[in-house]
Novice: 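Once you've had a glance at the structure underneath, I'll fire off some questions.
So you know, we letter chains A, B, ... as the sequences are listed, proteins then strands, and number each from 1.
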2 protein chains.
Amino acid sequence: MTKSALQIARAAYQPKLPKALQGAVAVKEGEATQSVADQEAIQKLFPNTYGMPLIQFVEGADSEHAPMNVGVILSGGQAPGGHNVISGLFDGIKKLNPANKLYGFILGPGGLVDHKYKELTADIIDEYRNTGGFDIIGSGRTKLETVEQFEKGYEILKELGIKALVIIGGDDSNTNACVLAEYYAAKNYGIQVIGCPKTIDGDLKNEMIETSFGFDTACKTYSEVIGNIQRDCNSARKYWHFIKLMGRSASHIALECALQVQPNVCIVSEEVEEKNMSLDDVVTYIAQVVANRAADGNNFGTVLIPEGLIEFIPAMKSLIAELNDFLAHNGEEFNNIKRSKQREYIISKLSEANSAIYASLPEGVARQLSLDRDPHGNVQVSLIETEKLLSEMVATKLAAWKEEGKFVGKFAAQHHFFGYEGRCAAPSNFDADYCYSLGYTASMLMAAGKTGYMSSVRNTTAPAAEWIAGGVPITMMMNMERRHGEMKPVIQKALVKLEGAPFKAFAAQRETWAKETAYVYPGPIQYFGPSEVCDQPTKTLQLEQGK
Amino acid sequence: MTKSALQIARAAYQPKLPKALQGAVAVKEGEATQSVADQEAIQKLFPNTYGMPLIQFVEGADSEHAPMNVGVILSGGQAPGGHNVISGLFDGIKKLNPANKLYGFILGPGGLVDHKYKELTADIIDEYRNTGGFDIIGSGRTKLETVEQFEKGYEILKELGIKALVIIGGDDSNTNACVLAEYYAAKNYGIQVIGCPKTIDGDLKNEMIETSFGFDTACKTYSEVIGNIQRDCNSARKYWHFIKLMGRSASHIALECALQVQPNVCIVSEEVEEKNMSLDDVVTYIAQVVANRAADGNNFGTVLIPEGLIEFIPAMKSLIAELNDFLAHNGEEFNNIKRSKQREYIISKLSEANSAIYASLPEGVARQLSLDRDPHGNVQVSLIETEKLLSEMVATKLAAWKEEGKFVGKFAAQHHFFGYEGRCAAPSNFDADYCYSLGYTASMLMAAGKTGYMSSVRNTTAPAAEWIAGGVPITMMMNMERRHGEMKPVIQKALVKLEGAPFKAFAAQRETWAKETAYVYPGPIQYFGPSEVCDQPTKTLQLEQGK
C-alpha cells in the first residue's frame with residue numbers, strides 16, 4: 001500500500017491521554033443522575049439504566065482484570081478520528097489484559113445483525129492510527145431498534161464471547177446504544193454497551209459532553225479552504241463566493257468557520273427560525289451587505305450558508321409540508337401535467353401564502369421542490385442547492401435596486417459546497433488526542449462493569465494531561481420527542497444557542513465583518529509546529545468555556 | 001488586523017536561498033541563445049533582446065551599487081507565492097543598496113498604464129511574507145501590447161525614477177514583458193524589464209524554467225481535499241466522485257494530483273486529443289472502470305477531470321467551432337425560436353457529424369453550448385460543468401449496460417470543482433523558497449543591467465542551497481503562433497508530454513489504480529515537520545528530473 005510522507009510520519013504520533021488514564025485507574029462515583037426532562041417517562045423506559053451516577057476516573061492502584069472480548073461498531077456519517085477511538089479502545093483493553101480481543105462489526109450496526117465482523121489485531125490497528133475515515137471496518141446507517149435485531153446481535157456476541165460493545169455514533173446511535181444496553185441488562189445477558197459521541201455537525205454536546213469528535217478537524221479543514229477562497233476573493237476583487245457547509249440541522253459548523261475566517265456574511269439557521277425570517281428577509285439581508293460594500297467600491301465578498309437553512313425558514317417549512325401533503329394525495333394528477341405547465345399547476349393549488357412563496361422561487365429550485373422526491377414522496381431538501389438559490393435571488397434583488405438607484409456596483413457569484421472535503425480528514429492533534437482518550441475511557445468503563453454510559457472527556461480547553469475522563473449515563477441526556485408521530489426517548493440535539501458565547505461573539509462582530517474586509521486565513525491543519533498553531537481547540541469550545 | 005495562529009507563526013519563516021545568492025554575487029555568462037523555433041522571425045522582432053547569453057549567478061566579491069528604484073506588477077490569475085517573489089525582490093534590492101525603493105503598480109498591468117501605484121515599504125512587505133494571494137497590490141488582466149500603453153508606462157516610470165520593472169505572470173504576460181523590454185531598449189529609455197514565471201496551471205516551463213511558481217502549493221492543496229474525499233469514498237462505499245480541477249489548457253494539475261492520490265480514473269486532455277478520442281470514448285472508458293469495479297462489489301470511486309477537457313476533444317472542438325460560426329451568422333433567427341424548440345432547430349442546422357454529437361449531449365449541456373455565449377458570441381466553454389456532463393453520460397451508458405447485463409451494480413455520483421480553493425493558499429515551503437529566490441534573482445539581474453530576461457532558478461529537486469539561480473533571455477523560449485488570425489511571437493505553452501516521465505509513470509499504474517482501491521492520502525501541507533513531509537517538490541518535478 002503506497003502511503004504519503006505525512007501518512008507515514010503521522011502513524012508514529014502517540015496521542016496524549018489525561019493524566020488519570022496514564023497508569024492504573026480507579027473509579028470515583030458521583031451523585032445519581034436525572035434525565036434532562038420527562039424524568040418519569042424516561043425512567044419507566046429504562047428501569048435498569050436510569051439514574052446511574054456520573055463516573056470519573058482517577059489515579060488508582062494496579063489490579064488484575066479477567067480476560068474479556070470487546071466489540072466495536074461505527075455508526076452513521078464519517079467523522080475525523082473514528083480510527084483513534086478504536087485504537088484507544090484497543091490499547092486500553094490490551095493494557096487491562098493482553099489476552100483481551102477486539103472485534104469490529106463490518107459496515108455499521110448492520111454488521112452486528114448480519115454477523116459480519118473481523119478481529120482487529122495489532123497489525124491492523126497500527127495501519128489506522130491517526131488516520132481519517134472509517135474504512136477500518138466501514139460504517140452504516142442501519143438503526144438498531146427492534147428486539148429481533150437485539151437478539152440477532154446477542155447471538156454473535158455470545159458466540160464471540162464479547163462482554164462489552166462500543167457504539168461510536170451521533171445522537172440517534174447513542175440513543176439506540178442505550179436502548180440496547182437496557183434490553184441486554186433487562187435480559188441479564190451480561191453484555192455491556194458503551195457509546196462514544198461522534199458527529200462533525202457538533203450537535204451532540206451538553207454539560208457533560210463538551211464536544212463531539214470530528215467537529216474540530218472538519219471545521220478546520222473547511223476554514224482552510226474558505227480562508228484560501230477569501231484570499232482569492234480579496235486579490236481578484238470581482239466575485240461574491242456563496243459557500244454552503246455541511247450540517248443538516250445545527251449551524252455549529254458554519255458558525256465555527258465564521259469565527260475562524262471572519263466572512264462578510266454567515267447565516268445561522270437557528271437565528272433565522274427564532275426571528276421568523278422569510279426567505280426574502282435572508283435574501284434582503286445579504287443583498288444589503290453586497291450593496292453596502294459596493295458603495296465602498298468592494299464588489300466582492302463571502303457568504304457562509306448552513307446546509308439545513310431551508311428547513312429552518314418557517315415559511316419554507318410550511319411550504320414544504322404543504323407540498324409533501326398535496327403531492328402525496330395528488331401525485332398521479334400532477335404526473336400527468338405537462339412539464340411546462342407544472343409550475344402553474346402547483347401555484348394554482350397551494351394555499352395563498354405558500355403559493356406566493358412558491359411563485360417567488362427561481363425556476364430550478366421550484367422544480368427541485370416539486371419533482372425531486374424521495375421514495376416516500378417527500379421533497380429532498382438536501383438536493384436543493386441553497387447556495388445557488390440565494391445568489392440567484394440576491395442577483396434579482398440587486399438588479400431591481402440598481403434600477404431604483406439603490407445599488408451601484410457589479411455582482412458576480414461563485415458557488416461552493418464543502419462536506420466530503422472534511423468528513424474524513426486525518427484528525428487534528430486535538431481530535432487525535434480526544435478520540436484516543438474517548439476510546440481509552442470506554443475500555444475503562446467496561447473494566448468497571450458499566451453499561452448504558454457514554455464515554456466522556458472534559459476540560460478539553462486545557463492541555464490533554466489535565467482532561468477529565470469518565471462516563472455519563474446516556475439516559476441523563478434524554479428527553480421525550482415526537483418522531484414519526486410517536487413519542488420517543490431521544491438525546492436532545494444541541495442547536496446553536498443564540499444566547500451562547502459563540503453566537504454572541506459572532507453577532508458582536510458581524511457588522512464590522514460585513515462592511516470591512518476583515519478576513520482571517522487559518523491555513524491548513526498543522527501537526528508538528530508550535531503548540532499555539534497545532535493544539536488549539538475550536539473557537540466554539542474556547543468561547544463556551546470562557547477562554 | 002486579526003491573524004490566525006498560523007499566519008503569525010508563518011510570518012517569521014525565513015525562506016531559503018541558493019548558496020550563490022547568500023552573499024555577494026558575480027555574473028557568469030553562458031553561450032549566446034536562439035529561440036526554440038522561427039529564429040529569423042523572432043530575431044527580426046526583437047533586435048535588441050534576441051540572442052543574449054544565459055546568465056548564472058555565482059559567489060562574488062562585494063561591490064558598490066548606485067541607488068535604483070524598481071517597479072513590480074502582478075499579472076493574471078493568482079498563484080501561491082506571489083508575495084514571496086515581491087519580498088525576495090525587496091530584500092534583494094535593499095541588500096544592493098538600502099536607499100533603493102520598490103514601487104508596486106496597483107491591480108496589474110493596468111496600474112502602470114493608469115499611473116496607480118504605491119511604495120512598498122518594509123512595514124508593508126513584512127505583513128505579506130509567506131502569505132498566499134496577490135492582495136498586496138492586486139492583479140489584473142490588462143495586456144501590455146500597444147505603444148500608447150508603453151509610453152504611458154514610461155511616463156510614470158520616469159517620474160518615479162524607476163530603472164527596472166519586474167512583471168510576474170504567465171506565458172502571455174512574460175511575452176509582453178519581453179515586447180516591452182524590446183521597446184524600451186529600442187527607445188533607449190534606460191528601463192530594464194524582467195519577467196518571473198507564474199501559473200498554477202504549470203504550463204510555463206521548459207529546459208531553463210523547471211516549474212512555474214504556485215503549481216506546487218495549488219496541487220498539494222487540491223490533493224489534500226481529493227485525498228480526504230477518497231478516504232470518505234472508501235469508507236462510505238457508495239459514491240463515485242467526479243472532481244474537476246482548474247487548468248484551462250494543460251492537464252498538469254490533474255496529472256500531478258493523480259500521481260499524489262492514485263485515483264481510479266484521471267483523464268488527461270492531451271492524451272484525449274492525441275488519440276483523437278470522442279466524448280463517447282471518454283464516457284465509455286469511465287463507464288468501463290465503474291463496471292469493472294462494480295463486478296468486484298466496489299460501487300465507489302474517484303474520477304479527476306481537467307477543466308479544459310472539452311476543448312481537447314477533437315469532435316467537440318469541431319462542434320463548438322461550427323456552433324460559434326453558425327450562431328454568429330444566424331443569431332437573430334435563433335433568438336426568435338421558442339426555447340423549447342431551440343434544440344431541434346440547432347440539430348436541424350448543423351452538419352451531420354456535429355448534429356449527431358449535439359443530439360447526444362444531455363439537455364443542460366446542449367443548452368449551455370447554444371445559449372451561454374460571451375459578448376463576442378462565443379460559447380463559454382469554462383461554464384460547462386464537465387464533471388456533471390461526464391457523470392450524466394456515464395449514468396446513461398451504465399443504465400443501457402444494465403439492461404444488457406453488462407453492468408451489475410449501483411452508480412451514484414457526487415460532483416466537485418476545485419480551483420479557488422488552491423490559487424491563493426499560503427505557499428508551501430517549496431513555493432515560499434522558490435518564489436523568494438525568483439524575486440531575489442530578479443534583483444540581481446537588474447543589478448547586472450539585464451533586460452528581456454526571465455528569472456530562473458534550477459536544480460529544484462535538490463536542497464535550496466544547491467539551487468542554481470540565473471536568467472534566461474525570454475526570446476529563447478519563443479516561437480511564432482497564430483493568435484486571432486495573426487502570427488505572433490509567443491512563449492511556447494508546455495502541455496503534458498505523453499512521452500514525458502510523469503505521464504508515463506501514471507500510464508504504467510493507472511490500470512491497477514482503476515481496479516484496486518490504491519488511494520493515497522497526502523493530507524494538508526505541513527510547514528514545520530520532518531523534511532520529507534514539508535520540503536518535497538511535486539511528483540511531476542521529481543519524475544521529470546529522474547528522482
Novice: Identify which part of Tyr519(A) has an atom lying under 4.5 Å from any heavy atom of chain B, answering side chain, backbone, both or neither.
Specialist: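 For Tyr519(A), the backbone is the part near chain B, not the side chain.
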
Novice: Could you tell me whether a side-chain N or O of Lys198(A) sits under 3.5 Å from a main-chain N or O of Leu74(A), the two making a donor and an acceptor?
Specialist: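 No; judged by distance alone, with no hydrogens or angles, the pair does not exist.
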
Novice: Treating Asn228(B) as the side-chain partner and Gly422(A) as the backbone partner, does any N or O pair qualify as donor plus acceptor under 3.5 Å?
Specialist: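 No; zero donor-acceptor contacts below 3.5 Å.
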
Novice: Would you say the side-chain atoms of Gln414(B) pair up with the backbone N or O of Phe242(B), donor to acceptor, closer than 3.5 Å?
Specialist: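 No; zero donor-acceptor contacts below 3.5 Å.
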
Novice: Looking only at heavy atoms and a cut-off of under 4.5 Å, which of Asp232(A), Thr131(A), Leu6(A), Ile229(A) has the most pairs with chain B?
Specialist: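 Sorted descending by pairs with chain B, the first entry is Asp232(A).
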
Novice: Counting only heavy atoms closer than 4.5 Å, note whether Ala518(A) contacts chain B via side chain, backbone, both or neither.
Specialist: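 No part of Ala518(A) comes within 4.5 Å of chain B.
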
Novice: Output the distance between atom CG (Asn429(B)) and atom CG (Asp535(B)), rounded to the nearest 0.5 Å.
Specialist: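 If I round to the nearest 0.5 Å, the distance is 5.0 Å.
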
Novice: I'd like to know if Lys244(B) pairs up with Glu421(B) as an ion pair, taking the criterion as any Lys NZ or Arg NE/NH1/NH2 lying under 4.0 Å from an Asp or Glu carboxylate oxygen.
Specialist: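 No salt bridge links Lys244(B) with Glu421(B).
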
Novice: Under a 4.5 Å heavy-atom cutoff, which of Gln262(B), Glu516(B), Lys3(B), Arg237(B) has the most pairs with chain A?
Specialist: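 If we count pairs closer than 4.5 Å to chain A, Gln262(B) comes out on top.
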
Novice: I'd like to know if the side chain of Ser4(A) reaches the main chain of Val520(B), judged simply by a donor and an acceptor atom lying under 3.5 Å from each other, with no hydrogens or angles considered.
Specialist: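 Side chain of Ser4(A) to backbone of Val520(B), a donor-acceptor pair under 3.5 Å: no, none is there.
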
Novice: Would you say that Ile200(B) contacts Met246(B) through its side chain, given a criterion of any heavy-atom pair below 4.5 Å between the two side chains?
Specialist: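 Of all side-chain heavy-atom pairs linking Met246(B) with Ile200(B), at least one is under 4.5 Å.
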
Novice: Quick one: what part of Gln78(B) sits under 4.5 Å from any heavy atom of chain A, side chain, backbone, both or neither?
Specialist: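 For Gln78(B), side-chain heavy atoms alone lie under 4.5 Å from chain A.
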
Novice: Given that the side chain runs from C-beta out, which part of Ala236(B) has a heavy atom under 4.5 Å from chain A: side chain, backbone, both or neither?
Specialist: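 Both backbone and side chain.
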
Novice: Picking from His416(B), Arg141(B), Glu532(B), Gln260(B), which has the most non-hydrogen pairs under 4.5 angstrom with chain A?
Specialist: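 Looking at each of His416(B), Arg141(B), Glu532(B), Gln260(B) in turn, His416(B) comes out on top.
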
Novice: Highest number of heavy-atom pairs under 4.5 Å with chain A: which of Cys424(B), Ser139(B), Gly140(B)?
Specialist: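 Winner by heavy-atom pair count: Cys424(B).
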
Novice: If we ignore hydrogens and angles and just use 3.5 Å, is the side chain of Asn84(B) paired with the main-chain N or O of Cys435(B) as donor and acceptor?
Specialist: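 No; zero donor-acceptor contacts below 3.5 Å.
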
Novice: Test Asn299(A) against Tyr239(A) for side-chain hydrogen bond (donor to acceptor under 3.5 Å, both in side chains), laying out the working first.
Specialist: CA-CA 7 Å; Asn299(A) 291 301; Tyr239(A) 290 120; over 6 Å; no

Novice: Is a side-chain N or O of Glu392(A) found less than 3.5 angstrom from the main chain of Pro362(A), in a donor-acceptor match?
Specialist: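 Here the side-chain-to-backbone pair does not exist.
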
Novice: If you tally heavy-atom pairs under 4.5 Å against chain A, which of Gly138(B), Gly132(B), Ala426(B) wins?
Specialist: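 Winner by heavy-atom pair count: Gly132(B).
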
Novice: With a 4.5 Å heavy-atom cut-off (strictly below), which parts of residues 521-531 of chain B touch chain A? List them by number.
Specialist: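 Tyr521(B), Pro522(B), Gly523(B), Pro524(B), Ile525(B), Gln526(B), Tyr527(B), Phe528(B), Gly529(B), Pro530(B), listed by number.
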
Novice: Does atom NZ of Lys116(A) have more than 12 heavy-atom neighbours from other groups under 6.0 Å away?
Specialist: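 No, because the 6.0 Å sphere around NZ of Lys116(A) holds 12 heavy atoms or fewer from other groups.
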
Novice: Just checking heavy atoms, which of residues 216-227 of chain B are less than 4.5 Å from chain A?
Specialist: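 Contacts with chain A: Thr221(B), Glu224(B), Val225(B).
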
Novice: For Gln342(B) and Lys338(B), indicate whether the former's side chain and the latter's backbone hold a donor-acceptor pair under 3.5 Å.
Specialist: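 Looks like no, no N/O pair under 3.5 Å.
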
Novice: Less than 4.5 Å apart, any side-chain heavy atom of His241(A) and any of Tyr420(B)?
Specialist: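 Yes, close enough: below the 4.5 Å cut-off.
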
Novice: Whether the side chain of His83(A) engages the backbone of Glu127(A) through a donor-acceptor N/O pair (distance < 3.5 Å, no angle test) should be reported.
Specialist: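 No; judged by distance alone, with no hydrogens or angles, the pair does not exist.
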
Novice: Name the region of Arg10(B), side chain, backbone, both or neither, that has any atom closer than 4.5 Å to a heavy atom of chain A.
Specialist: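 The answer is neither part of Arg10(B).
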
